[in-house]
Amino acid sequence: MKRYVIKIQYNSPVVLTFALLALGALGLGILTDGDTTMRYFSVYRAPLADPLTWLRFFTHVLGHADYNHYIGNMLLILVVGPPLEEKYGSRSLLLAIVITALVSGLVQFMFFPGVALLGASGIVFMMIVMSSLAGMKSRCIPLTLIFVIVFYLGGEIVAGLFSPDNVSQLTHIVGGVCGAVIGYILYGK
């Protein structure tokens with residue numbers, strides 16, 4: 001009789017590591033009653049002489065306010081991310097995450113001095129737009145990309161215009177723009 005062995009595969013190292021790091025940041029935040037979340041995993045206006053300010057430009061995407069915030073972002077990342085990592089490679093996806101984190105962190109820092117930003121929703125939107133570009137053929141714009149722009153990014157623009165807190169909507173838009181630019185560059189390769 002043949003034995004079937006089922007193995008668990010760490011199939012998408014960048015996506016899985018990102019999700020685990022964010023879970024670790026959430027756990028630390030819970031254990032410290034939010035102190036580590038604010039200190040290390042939120043971006044806000046702070047002196048540029050403080051090395052943590054520079055760190056937070058990148059780490060804010062790992063911070064989440066609570067489990068619901070975390071799981072809302074991670075479910076989408078865990079669904080959309082692995083096919084992107086398979087198509088473009090781990091290095092390219094990691095670079096896309098780092099660039100999107102930096103750009104959204106800088107936008108937050110410059111334009112919203114009184115508000116802290118945390119969470120991976122910019123990364124989610126970057127991945128959504130990149131995935132809609134993944135099926136692009138030469139000289140053709142995928143209809144999925146048009147739908148994503150109209151429904152997701154268009155909805156965020158409308159929400160940003162009529163919402164008292166337009167920070168998160170701007171982060172979504174920045175993430176989507178980063179995804180479009182990075183996806184187009186990777187498509188060219």
Side-chain angles (χ1 to χ4, degrees), residues 6-44 52 54-108 116-135 144 148 152-153 155-156 167-183 185-186:
I6 297 175
K7 296 178 183 178
I8 296 176
Q9 180 186 11
Y10 203 74
N11 63 315
S12 188
V14 170
V15 171
L16 290 168
T17 301
F18 183 86
L20 290 171
L21 287 172
L23 183 60
L26 177 64
L28 279 172
I30 291 168
L31 290 173
T32 62
D33 198 27
D35 183 54
T36 54
T37 302
M38 193 62 168
R39 185 168 175 83
Y40 302 111
F41 303 109
S42 300
V43 66
Y44 47 86
L52 289 178
W54 295 94
L55 178 69
R56 287 188 293 262
F57 285 139
F58 300 98
T59 60
H60 70 94
V61 297
L62 297 173
H64 290 85
D66 55 32
Y67 181 75
N68 289 330
H69 184 209
Y70 167 82
I71 203 67
N73 283 325
M74 287 312 125
L75 282 177
L76 284 166
I77 287 173
L78 289 167
V79 168
V80 178
L84 287 174
E85 191 166 350
E86 186 176 322
K87 178 170 180 64
Y88 296 116
S90 297
R91 279 189 186 149
S92 294
L93 185 60
L94 178 60
L95 185 59
I97 290 170
V98 168
I99 289 169
T100 303
L102 177 62
V103 171
S104 61
L106 287 171
V107 167
Q108 167 63 27
L117 174 70
L118 73 159
S121 59
I123 304 301
V124 169
F125 272 76
M126 175 269 294
M127 287 183 174
I128 289 170
V129 173
M130 274 183 74
S131 69
S132 67
L133 279 169
T144 54
V148 165
Y152 282 104
L153 295 181
E156 291 304 308
V167 175
S168 61
Q169 285 80 21
L170 184 59
T171 302
H172 299 165
I173 293 165
V174 167
V177 169
C178 286
V181 170
I182 294 166
I185 289 169
L186 291 175

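Position 1 is the first residue of the sequence; numbering continues from there. Predicted model only: the values in this text are computed from it and were never measured.
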K.L.:
What are the two closest non-hydrogen atoms of P13 and T17, and how far apart are they?
P.N.:
O-OG1, 2.6 Å
K.L.:
Can you list the steps and then say if S42 with L117 is a side-chain contact (heavy atoms from CB on, under 4.5 Å)?
P.N.:
CA-CA 5 Å; S42 300; L117 174 70; over 6 Å; no
K.L.:
Using only atom types and a distance under 3.5 Å, with no angle test, would you say the side chain of E85 pairs donor to acceptor with the backbone of V14?
P.N.:
yes
K.L.:
Report yes or no: does R56 contribute a side-chain atom to a donor-acceptor pair with the main-chain N or O of Y44 at less than 3.5 Å?
P.N.:
no
K.L.:
Roughly how far, to the nearest 0.5 Å, is CG of N68 from CD1 of I71?
P.N.:
9.0 Å
K.L.:
Which pairs pass side-chain hydrogen bond (donor to acceptor under 3.5 Å, both in side chains) with one or both residues in residues 26-36, sequence neighbours excluded?
P.N.:
T32-T36
K.L.:
Once rounded to the nearest 0.5 Å, what's the spacing between atom CD1 of I30 and atom OG1 of T37?
P.N.:
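Interatomic distance, I30 CD1 to T37 OG1, rounded to 0.5 Å: 8.0 Å.
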K.L.:
I want to check something: taking the side chain as every heavy atom from C-beta on, are L16 and N11 in contact at a cut-off of under 4.5 Å?
P.N.:
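SC-SC contact between L16 and N11 confirmed.
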K.L.:
Given side chains that start at C-beta, do those of F57 and Q108 come closer than 4.5 Å, heavy atoms only?
P.N.:
no
K.L.:
Donor-acceptor pairs are to be reported for all side-chain atoms of residues 19-29 against protein atoms at under 3.5 Å, with residues two or more places apart or in another chain.
P.N.:
none

K.L.:
When the side chains of residues 121-131 are checked against the rest of the protein, which donor-acceptor pairs come out under 3.5 Å, sequence neighbours left out?
P.N.:
residue, atom, partner, partner atom, Å
S121, OG, H172, NE2, 3.0
S131, OG, M127, O, 3.3
S131, OG, I128, O, 2.8

K.L.:
Which residue pairs satisfy the ring-ring contact (aromatic ring centres under 6.0 Å, His included) criterion with at least one member in residues 8-40, sequence neighbours excluded?
P.N.:
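Output for this query is empty, none listed.
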K.L.:
In a table with atom names and distances, give each donor-acceptor pair under 3.5 Å that connects a side chain of residues 174-181 to protein atoms at least two apart or in another chain.
P.N.:
none

K.L.:
What pairs meet the ring-ring contact (aromatic ring centres under 6.0 Å, His included) rule with one or both residues in residues 64-96, with sequence neighbours excluded?
P.N.:
H64-H69, H64-Y70
K.L.:
Return the CG to CD1 distance between N73 and I77, rounded to the nearest 0.5 Å.
P.N.:
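Taking CG in N73 and CD1 in I77, the distance rounds to 5.5 Å.
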K.L.:
Evaluate the side-chain contact (heavy atoms from CB on, under 4.5 Å) criterion for residues T100 and I182: first the C-alpha distance (whole Å), next the side-chain angles of each, then the deciding distance (0.1 Å), finally the verdict.
P.N.:
CA-CA 9 Å; T100 303; I182 294 166; 4.2 Å; yes
K.L.:
Between CD1 of I97 and OG of S92, what distance do you get to the nearest 0.5 Å?
P.N.:
11.0 Å
K.L.:
Hey, what do you get for OG (S12) to CG (L93), rounding to the nearest 0.5 Å?
P.N.:
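One gets 7.0 Å once the value is rounded to the nearest 0.5 Å.
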K.L.:
Given side chains that start at C-beta, do those of L62 and F41 come closer than 4.5 Å, heavy atoms only?
P.N.:
yes
